[in-house]
> 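Below you'll find the structure I mean.
Because the structure is a prediction, the values reported are computed rather than measured.
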Amino acid sequence: MASYIEIFCGIAVIFLALYYYFTSTFDFWKIRGVNGPRPIPVFGNIRDLMLTRTSAADFLRKLYEEYRNEPMVGIFTRRTPILVLQDPYLIKDVLIRDFSKFADRGFPVHEKMEPLSPHLFNLEAERWRPLRTRLSPVFTSGKLKEMFPLILECSEHLEEYLEKLVAKGEPVECRELTAKYTTDVIGSCAFGIETNALSDKESEFRRMGRMVFAVNFYQILRFRIRQAMPWLYNLLGYVLPPTEITTFFTKVIVDTMKYRNENNIVRPDFVNMLLELKKHPDKLENIKLTDTLLTAQAFVFFVAGFETSSTTMSNVLYELALHPEVQDKLRQEIREHCAKNNGELKYEQVKDMTYLDLVFRETLRKYPAGPLLMRKSMCDYTFDGTKVTIPKKTFLWIPIFAIQRDSNVYPNPDAFIPERFTDDAVAARHPMHYLPFGDGPRNCIGARFAVYQSKVGLIKILRNHNIDVCEKTMIPYVIDPAAFLLAPKGGIYLKITKMEN
């Protein structure tokens, strides 16, 4: 009998210890006077997120609407306190005015398990600053203009490939169509490599792109272990071999740099900038420039460049299919501009297509590729105009999707209205109410490139093709709860038909 009591007591002690561990931080926001939903042990406030019952976008929108009048909301991911900022003035302080105190995004870098993780998006402030400074010149408007003929060439391949798809008379999965195009653009403009995603069904680059964003049990398991047990995740890096993705991209970048060095090849692209860094490592103080670190920068440019742009392009096509009057107006603008140069598309013309810009920006409002921005405080910080002080290393989330669907800022927020982005309408809103590319020093470095490659591809598709919904079109739009970025569940199927000029 005594042994049973001892076992019961032992189990009770373990249970109480675990309960204390998982709940010991739960008074963090209450002490600071920050309102928020009540957390539960093990999950905190993100049970539905962890079980992939809802997406981050939908979770934060619901939270935002529930605490609409709060400048900030305190939540917990398991036992870690997270501050969700909702007030545009506080958001501006974090992203711009006091940026130096929030220069870290707070993403973990696991160099053993994920050799390509120390890239510009993830890096801590110390390594991020010098790398950003050295890599920024490749994204200037001047460099983009030099790359424009390469983008145009890829768009012509897109048009040829689309003709073949249209001839089959079947619904087109637009995310795959646009991903092949953006893969080719990134390959050509960034690496000087023909990836042949549009012409080759077995393109290695396209296959790698699919693998990076695959939503499967293995990827979700890796993500959960990395979040919940980073110490175990790091240990696995010592026993598991490099992934196929790591091996592939490291070989591509190292071989390309070696070939260019040996043959004195110079191109206005990303790889050339990496070569310059390698030749002058002294310009990056306190950073050990390895082939893996250089590959990581190329890797994130490829991954972020093709996936976010292709999803945005397919979202534009989806909305145009639902709104034929907007599509007709946009097509008219495209044809008028193309007619000025005997059908040829010029760099300056893309910028001059004002209605295309309105349509593009409204799409990014409804469907920002990243539904939230993350930051981590680098010191203790008191928010201006409040009594709320957070300690160093506190995580902050800025709910972009929720803000851009706020009915007080954008009346009838789920409707697609390009005129929301006329100059007068934009001037009437707080700039922090539209953040698809972030803002401040750590905004998206490739935003200008992403916009141009997307617009050129859309021009080529829409100029001579009509986009309609079909029996496979997802209505209403459902966000995939398991996807890392904001993406439609099950893809976007549309009917595309050739039009007479």
Side-chain angles (χ1 to χ4, degrees), residues 29 32-36 56-57 60-61 63-65 67-75 81-107 120-121 124-125 128-129 132-133 136 361-362 364-366 368-411 413 420-448 450-451 486:
W29 294 123
R32 289 166 175 80
V34 178
N35 288 332
L60 287 171
R61 186 182 187 186
L63 183 79
Y64 184 91
E65 290 173 353
Y67 294 88
R68 178 178 290 278
N69 298 319
E70 299 288 344
M72 56 184 76
V73 182
I75 64 169
I82 305 284
L83 186 63
V84 181
L85 283 185
Q86 304 193 147
D87 181 87
Y89 296 95
L90 298 183
I91 291 171
K92 187 175 182 180
D93 286 347
V94 167
L95 296 183
I96 301 171
R97 190 171 72 89
D98 290 327
F99 169 76
S100 61
K101 298 170 184 175
F102 297 95
D104 197 337
R105 275 206 173 99
F107 284 101
L120 209 57
F121 188 86
E124 74 290 343
W128 167 79
R129 288 179 192 277
R132 169 91 182 207
T133 301
S136 289
R361 288 159 80 182
E362 172 68 345
L364 284 174
R365 179 196 68 81
K366 282 195 72 176
L372 71 150
L373 290 176
M374 288 178 61
R375 292 292 186 269
K376 186 170 76 171
S377 60
M378 300 178 70
C379 59
D380 293 356
Y381 182 83
T382 302
F383 287 95
D384 192 37
T386 78
K387 295 179 180 178
V388 178
T389 298
I390 56 172
K392 182 180 180 180
K393 295 185 179 180
T394 301
F395 290 93
L396 290 85
W397 288 1
I398 299 169
I400 298 174
F401 178 86
I403 290 169
Q404 295 180 179
R405 296 280 187 117
D406 184 346
S407 58
N408 290 336
V409 180
Y410 299 97
R420 298 187 204 269
F421 288 92
T422 60
D423 291 343
D424 289 343
V426 171
R429 290 192 295 267
H430 194 289
M432 297 299 106
H433 281 144
Y434 184 71
L435 296 167
F437 294 109
D439 207 334
R442 200 149 189 177
N443 66 345
C444 175
I445 190 174
R448 188 186 283 113
V451 170
L486 192 149

> Can you tell me how the ring of Phe107 sits relative to the ring of Phe121, calling it parallel under 30°, perpendicular over 60° and tilted otherwise?
tilted
> Kindly determine whether Phe383 and Asp93 satisfy side-chain contact (heavy atoms from CB on, under 4.5 Å), including the steps that lead there.
CA-CA 8 Å; Phe383 287 95; Asp93 286 347; 5.9 Å; no
> Mark yes or no for whether Glu362, through its side chain, and Arg420, through its backbone, hold a donor-acceptor pair below 3.5 Å.
no
> Just verifying a value: how many Å separate Ser377 OG and Asp98 CG, rounded to the nearest 0.5 Å?
12.0 Å
> Check Leu95 against Pro441 and note the closest heavy-atom contact, atom names and distance.
O-CD, 3.5 Å
> Please lay out, stage by stage, how Arg68 and Asp406 fare under the test side-chain contact (heavy atoms from CB on, under 4.5 Å).
CA-CA 9 Å; Arg68 178 178 290 278; Asp406 184 346; 2.6 Å; yes
> Could you measure the distance from the CG atom of Leu83 to the CD1 atom of Ile398? Nearest 0.5 Å is fine.
10.0 Å
> Which heavy atom in Ala103 sits nearest to a heavy atom in Arg129, and how many Å separate them?
CB-NH2, 3.7 Å
> Let's go through Tyr67 and Asn35 carefully: what are the C-alpha distance in whole Å and the side-chain angles of both, what is the deciding distance for side-chain hydrogen bond (donor to acceptor under 3.5 Å, both in side chains) to 0.1 Å, and is it a yes or a no?
CA-CA 8 Å; Tyr67 294 88; Asn35 288 332; over 6 Å; no
> Are more than 12 heavy atoms, taken from residues, nucleotides or ligands other than Asp423, located less than 6.0 Å from that residue's CG atom?
no
> Do Ile445 and Ser136 have side chains that approach each other closer than 4.5 Å (heavy atoms only, starting at C-beta)?
yes
> Return the minimal non-hydrogen interatomic distance between Ile390 and Arg32, and the atom names on each side.
CA-NE, 4.4 Å
> Cation-pi between Arg365 and Tyr410: NZ/CZ under 6.0 Å from ring centre and within 45° of the ring axis?
yes
> Quick check: are there more than 12 heavy atoms from other residues, nucleotides or ligands sitting under 6.0 Å from NZ of Lys366?
yes
> For the residue pair Leu435 and Gln404, what are the closest heavy atoms and their distance?
N-OE1, 2.7 Å
> Could you walk me through whether Trp128 and Arg442 pass the side-chain contact (heavy atoms from CB on, under 4.5 Å) test, one step at a time?
CA-CA 9 Å; Trp128 167 79; Arg442 200 149 189 177; 3.5 Å; yes
> Under the criterion side-chain contact (heavy atoms from CB on, under 4.5 Å), which of Leu90, Leu85, Leu373 is the partner of Leu396?
Leu85
> What's the shortest heavy-atom distance between Arg429 and Val409, and which atoms?
CD-CG1, 3.7 Å
> Are any of the side-chain nitrogens in Arg61 or Glu65 under 4.0 Å away from the carboxylate oxygens of its partner?
yes
> Tell me whether Asp380 contacts the main-chain N or O of Lys392 through its side chain, where contact means a donor paired with an acceptor under 3.5 Å.
yes
> Enter the distance from Lys92:NZ to Asp87:CG here, rounded to the nearest 0.5 Å.
12.0 Å
> Taking all non-hydrogen atoms of both residues into account, name the closest pair between Ile91 and Met432 and its distance.
CG2-SD, 3.9 Å
> Is there side-chain contact between Phe102 and Lys376, with at least one heavy-atom pair below 4.5 Å?
no
> How many angstroms lie between atom OG1 of Thr394 and atom CZ of Arg375, to the nearest 0.5 angstrom?
15.0 Å
> Does a side-chain N-to-carboxylate-O contact under 4.0 Å join Lys393 and Asp104?
no
> Could you please spell out the steps behind the side-chain contact (heavy atoms from CB on, under 4.5 Å) verdict for Leu364 and Tyr434?
CA-CA 9 Å; Leu364 284 174; Tyr434 184 71; 3.5 Å; yes
> In Å and rounded to the nearest 0.5 Å, what is the NE2 to CD1 distance from His433 to Ile400?
12.5 Å
